[in-house]
Amino acid sequence: MSAETNQVNPATTGADAIDEAIAQGIDFDGSTIPPAKLELYSKVMALEANRQRSGVSNTMRSRIVRIGAKHIPQSELDKLLIDAGFAPLKEKEIAFFYGGK
């Protein structure tokens, strides 16, 4: 296997990759994102931008759970949350993020 097959496209990795693609209106496969999809996305994101926040720690925990569940086994994520001083996984989070696995 050559080194080239193990390389990751930097344009499709990282936290900003999606935002950059949306701003350009181009999907990772090079296809144009339909205007209706971009308009709906913009509308919903504008609503979110105007929403009052409940606190940084709550948002941090929500992001950790939502993203961590994609990469970290349930028992490990639960322990990591507790060790960091966050509340453990809730039953509804376990059912939603881990129920189908």
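Under the 4.5 Å side-chain heavy-atom criterion for Ile, Leu, Val, Met, Phe, Trp and Tyr, Val65 and Ile82 are members of distinct hydrophobic clusters.
Pairs of residues two or more places apart, or lying in two chains, that qualify as salt bridge (Lys or Arg N to Asp or Glu O under 4.0 Å) and include a residue from residues 86-98 are Arg61-Glu93. A salt bridge (Lys or Arg N to Asp or Glu O under 4.0 Å) check over residues 74-84, counting only residues at least two apart or in different chains, returns the pairs Lys79-Asp83.
Side-chain contact between Phe28 and Ile18 is present, with heavy atoms from C-beta onward closer than 4.5 Å. Side-chain contact between Phe97 and Arg66 is present, with at least one heavy-atom pair separated by less than 4.5 Å. The side-chain heavy atoms of Tyr98 and Leu77, taken from C-beta on, include a pair separated by under 4.5 Å.
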Only distances under 3.5 Å count here; give the side-chain donor-acceptor pairs of residues 30-44 to other protein atoms, sequence neighbours excluded, each with its distance to 0.1 Å.
residue : atom : partner : partner atom : Å
Ser31   : OG   : Asp29   : OD1          : 2.6
Ser42   : OG   : Leu38   : O            : 3.0

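Taking Ile67 as the reference, His71 meet the side-chain contact (heavy atoms from CB on, under 4.5 Å) condition, with sequence neighbours excluded. With sequence neighbours excluded, the residues that form a salt bridge (Lys or Arg N to Asp or Glu O under 4.0 Å) with Arg53 are Glu48. A search for side-chain contact (heavy atoms from CB on, under 4.5 Å) contacts involving Gln24 returns Ile26, not counting sequence neighbours.
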